[in-house]
Structures are given as structure tokens and as C-alpha cells.
There are 2 protein chains.
Amino acid sequence: MARKRFDDSSCSVARALNEVGDWWSLLIVLQAMYGTRRFVDFQQELGIARNILVDRLCRLVDNQVLRKVDVGEHGSRFEYRLTDKGRDLFPVVIALRQWGDRYNPCPDGPPLDLRDRRTGQPVRQLEVQDADGNPLTVRDVFVSEESLDDQQNPA
Amino acid sequence: MARKRFDDSSCSVARALNEVGDWWSLLIVLQAMYGTRRFVDFQQELGIARNILVDRLCRLVDNQVLRKVDVGEHGSRFEYRLTDKGRDLFPVVIALRQWGDRYNPCPDGPPLDLRDRRTGQPVRQLEVQDADGNPLTVRDVFVSEESLDDQQNPA
DNA sequence: CCATAAGGTTGCGTTACGAAACCATATTAA
DNA sequence: TTAATATGGTTTCGTAACGCAACCTTATGG
């Protein structure tokens with residue numbers, strides 16, 4: 001009856017989804033990338049229930065996506081900051097954003113555009129590339145046979 | 001009381017997660033990328049409950065990530081195939097896979113390695129790049145102020 | 001000494017998920 | 001012609017997760 005989990009799945013996508021594959025975790029990470037650090041700010045900016053937020057923050061801390069820092073200043077006591085592991089979700093978030101912008105454009109107003117702080121230029125469209133930098137589609141890739149065997153039963 | 005949904009959120013990440021942000025959808029898309037097309041095959045390869053699979057396949061079809069094709073051949077009657085929209089989740093899946101491989105390496109055996117069908121070379125590590133192809137981190141980007149305003153309340 | 005804020009915890013009702021059983025249609029096998 | 005089997009579901013039911021609101025505890029501020 002327990003919700004299926006994939007901790008020990010041989011599929012790295014399944015293992016990744018096990019950590020950030022629920023409704024809220026990636027949005028929390030996204031907010032953290034925007035600079036949000038405090039409990040109340042996550043709660044208000046995301047509109048998430050407090051008990052769920054507690055649960056998600058703990059899990060993200062357990063999984064070392066965030067770390068909880070004790071800052072003993074005026075009422076505000078803790079901050080949740082991205083770790084390197086959390087920051088490395090950047091491509092995942094960007095890939096989702098670009099896909100969302102392309103296929104579910106915002107009904108009102110233009111899509112949020114990310115720009116390079118240094119040059120002011122927009123961020124390039126993410127693409128899967130071969131060793132020489134040429135774009136690859138799903139059909140252009142294959143999986144080496146021996147690793148594919150392990151892959152057939154993620155659950 | 002209803003699970004929160006983000007259909008009309010101004011955040012494209014939230015809208016994307018609304019379509020593929022649950023435990024199963026991305027894994028179904030991944031299986032489809034491996035070539036799986038039939039109901040029973042999804043069911044057996046993923047180990048997903050049948051009623052949940054029905055629900056997810058319908059939602060993915062509704063969202064035009066998959067399309068349901070009637071192939072009237074021996075018992076097997078329908079196929080679920082990726083649309084262009086579905087195939088364009090490739091970077092998302094690859095980003096998740098690379099993140100999973102990096103931070104949660106498979107306990108037994110090497111990570112599944114994807115290779116370019118043409119050259120046999122491994123797929124390059126995904127990265128967010130500026131207009132000139134230089135890598136960008138979270139700290140290197142900013143959001144134009146006007147679009148950021150809409151972004152603050154995804155829920 | 002009271003108000004306010006941060007960061008939770010608890011209780012409760014609703015919804016989603018998972019497992020197994022059941023079902024309808026179509027093909028094959030005897 | 002009947003039985004077995006496969007596909008693609010639907011139904012039932014128990015458990016787990018979610019959402020909301022109320023409450024609690026430990027600061028700080030006035």
C-alpha cells in the first residue's frame with residue numbers, strides 16, 4: 001500500500017525522482033534558486049501547507065539538496081540553503097522551464113526570461129549533444145546492452 | 001483539500017510539473033523513449049498498478065505528451081507513442097539521469113551510459129549555457145524584473 | 001508584560017495511490 | 001465449439017499523502 005519508492009532502483013532517473021519527483025520539491029528548489037531561504041518565505045511564496053513544507057524541507061535536507069543553517073538573528077533562526085547537489089539541479093529546472101514555455105506558454109504575459117548576468121544575453125536553449133556539440137534527439141542515442149538489462153525493472 | 005494543481009500558474013516550471021511532475025509520468029515517458037508502446041509492457045516494466053497506469057496514460061494523452069494509436073493487430077489493439085511534445089522531454093530526462101548518476105550512483109554496477117548511435121561516443125554532460133556556449137551556473141543568471149513580479153505566487 | 005514573528009506540530013477531513021479481483025473483447029489451440 | 005490466453009481495462013477497498021486551520025514554543029520588541 002505504501003507509495004512506491006525507488007531508492008534502490010537501478011534506474012538513475014527513478015532514483016532522482018525519488019528525491020525530487022513529487023509535487024513540491026522541485027518548486028522549493030526553484031524558489032531557493034531565486035534566493036528564498038526562510039521557512040515563512042517558502043510558505044508564502046509557494047502557497048504550500050506548513051506541515052507539507054516541513055516534510056519536504058526535511059527530506060531535501062536529508063537528501064543533501066538543501067542544508068539547514070542556524071543563523072541566530074532577530075526571530076529568524078534558520079535558513080535553508082542550496083548545496084552543490086541542489087544547485088546542480090539547475091539544468092533540470094531549466095529544461096522543465098523551457099519545455100513549459102514552449103508547450104504551455106503563460107496565458108497572460110510573456111515567459112520569464114533568464115539572462116546571463118555578465119552579458120545580459122538570454123540563456124541558450126538546452127539540448128542534448130554528442131561529444132562534438134551537435135544536437136541529439138531520442139532517436140540518435142542508444143544504451144549499451146549490458147546496462148540496459150539492469151534497466152528493465154525500475155520498480 | 002484537493003491536491004494543489006498549477007494549471008494556470010504563471011510559472012512555467014509549475015505548469016510543466018503539473019503535467020509530468022508526479023511519481024510516474026516521467027518514468028512512463030522514459031519507458032516510451034526506450035521503445036515501449038503497449039499497455040501491458042508499461043505495466044510490467046514499470047511495476048505500476050493498472051488503474052494508476054490507465055490514469056497516467058490518459059492524462060499524458062490529454063496533455064499531448066503521448067498519442068493513443070489504434071493498431072488492429074492480434075489482441076494488441078492500442079499503442080501509446082510519444083508526440084513531439086513528449087520527445088522534447090528528452091533534455092529533462094537526461095538532466096535528471098545525469099544528476100542521479102552523479103549524486104546517487106547505482107549501488108550495483110556502472111551507470112547506464114547513453115551513446116550517440118552514429119559515432120558511438122557518449123552523450124555530453126548537459127549544461128546551461130550563455131549565448132556563446134559558455135557554461136552558466138545559478139549565480140550567473142538573473143530574471144528580468146517585470147517577469148519576476150508575476151513569478152512570486154506560483155500557487 | 002503583552003504583542004508579534006519564526007518555525008513548527010496536531011487533528012481532521014478529503015483525495016490519491018496500490019493491490020488484487022473482476023470484466024469485455026479478440027485471438028489462438030484443441 | 002469450447003476452452004485457454006492475451007489485451008486493455010474497471011471496481012473495490014484499505015492505506016498513505018495532502019490541505020487547512022488551530023495550536024504551540026521560543027525568541028525579540030515595545
Side-chain angles (χ1 to χ4, degrees), chain A residues 1-7 9 14 17-28 31-32 36-63 66-81 153-155, chain B residues 1-7 9 14 17-28 31-32 36-63 66-81 153-155:
Chain A
M1 319 307 198
R3 175 173 244 138
K4 207 153 253 184
R5 286 277 154 64
F6 304 101
D7 312 79
S9 168
L17 288 175
N18 199 42
E19 298 196 352
V20 294
D22 67 300
W23 292 101
W24 286 115
S25 295
L26 266 184
L27 289 175
I28 291 173
Q31 273 300 324
T36 300
R37 294 180 160 187
R38 280 165 45 245
F39 184 89
V40 281
D41 293 334
F42 282 111
Q43 207 250 308
Q44 297 193 344
E45 283 161 16
L46 290 171
I48 183 176
R50 302 168 78 86
N51 48 352
I52 305 301
L53 179 57
V54 171
D55 180 79
R56 290 305 182 278
L57 287 174
C58 287
R59 279 184 44 203
L60 289 170
V61 169
D62 284 347
N63 291 331
L66 297 177
R67 58 184 223 280
K68 187 173 183 174
V69 181
D70 191 331
V71 293
E73 46 175 49
H74 16 272
S76 162
R77 292 189 290 276
F78 302 111
E79 284 188 357
Y80 295 90
R81 299 188 194 160
N153 263 297
Chain B
M1 318 301 195
R3 174 173 242 135
K4 206 154 254 180
R5 285 279 152 63
F6 304 102
D7 312 79
S9 168
L17 287 174
N18 199 42
E19 298 197 352
V20 295
D22 67 300
W23 293 100
W24 286 115
S25 296
L26 266 184
L27 288 175
I28 291 172
Q31 273 300 322
T36 300
R37 295 180 159 187
R38 282 165 44 245
F39 185 89
V40 282
D41 293 334
F42 282 112
Q43 208 250 308
Q44 297 193 344
E45 283 162 16
L46 290 171
I48 183 176
R50 304 168 76 85
N51 49 352
I52 303 301
L53 179 57
V54 171
D55 181 79
R56 291 303 183 279
L57 288 173
C58 286
R59 280 184 43 204
L60 290 170
V61 169
D62 285 347
N63 292 331
L66 297 177
R67 59 184 222 281
K68 186 173 184 174
V69 180
D70 191 331
V71 294
E73 44 175 53
H74 17 269
S76 161
R77 290 188 291 276
F78 302 110
E79 285 188 357
Y80 296 90
R81 299 188 195 161
N153 262 298

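Worth knowing before you read on, the calculation uses all heavy atoms, side chains too, and leaves out hydrogens, waters and symmetry mates. Here is how names work: the chains are called A, B, and so on, in the same order as the sequence lines, proteins then strands, and each is numbered from 1.
B:R67 pairs by the salt bridge (charged side-chain N to carboxylate O under 4.0 Å, His left out) definition with nothing, not counting sequence neighbours.
At a non-hydrogen distance threshold of 4.0 Å, A:I52, A:R56 from residues 52-61 of chain A come into contact with DNA chain D.
With hydrogens and angles left out, the side chain of B:R50 and the base of D:dG8 share a donor-acceptor pair within 3.5 Å. Side-chain N/O atoms of B:R77 and base N/O atoms of D:dG8 include no donor-acceptor pair closer than 3.5 Å.
Between the C1' atom of C:dG7 and the CD atom of A:Q43 lies a distance of 10 Å, rounded to the nearest Å. For the pair B:D22 CG and C:dA16 C1', the computed distance is 11 Å after rounding to whole Å. Rounded to a whole Å, the CZ atom of B:F39 is 18 Å from the P atom of C:dC23. As a whole-Å value, the separation of B:I48 CD1 from D:dG9 C1' is 14 Å. We find that CH2 of B:W23 is positioned 9 Å from P of C:dG18, with the value rounded to whole Å. Whole-Å rounding puts the B:R37 CZ to D:dT7 P distance at 16 Å. Between the CG atom of A:D41 and the P atom of C:dG7 there is a distance of 8 Å, rounded to whole Å. What separates CG of A:N51 from P of D:dA22 is a distance of 14 Å, to the nearest Å.
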side-chain contact (heavy atoms from CB on, under 4.5 Å) evaluation trace for A:R59 with A:I28:
CA-CA 12 Å; A:R59 279 184 44 203; A:I28 291 173; over 6 Å; no
Yes or no on side-chain contact (heavy atoms from CB on, under 4.5 Å) for A:W23 and B:N18, after CA distance, side-chain angles and deciding distance?
CA-CA 8 Å; A:W23 292 101; B:N18 199 42; 3.9 Å; yes
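Phosphate proximity of D:dC18 to A:W24: absent, as no side-chain N or O sits under 4.0 Å from OP1 or OP2. Checking the phosphate oxygens (OP1, OP2) of C:dA6, no side-chain nitrogen or oxygen of A:Y80 falls inside 4.0 Å. Look at A:K68 and you won't find any side-chain N or O under 4.0 angstrom from OP1 or OP2 of C:dA6.
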Only distances under 3.5 Å count here; give the side-chain donor-acceptor pairs of residues 47-58 of chain B to other protein atoms, sequence neighbours excluded, each with its distance to 0.1 Å.
{"from": "B:R50", "atom 1": "NH1", "to": "B:Q43", "atom 2": "OE1", "distance (Å)": "3.1"}
{"from": "B:R56", "atom 1": "NE", "to": "B:D22", "atom 2": "OD2", "distance (Å)": "2.3"}
{"from": "B:R56", "atom 1": "NH2", "to": "B:D22", "atom 2": "OD2", "distance (Å)": "3.2"}

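Once rounded to the nearest 0.5 Å, the distance linking CZ of A:R77 with CZ of A:F39 reads 11.5 Å.
Minimum heavy-atom separation, A:V71 to A:R81: CG1-NH2, 3.8 Å.
Distance from the side chain of A:A49 is smallest to D:dG19 among C:dA6, D:dG8, D:dG19.
No side-chain heavy atom of A:R37 sits under 4.5 Å from any side-chain heavy atom of A:Y80.
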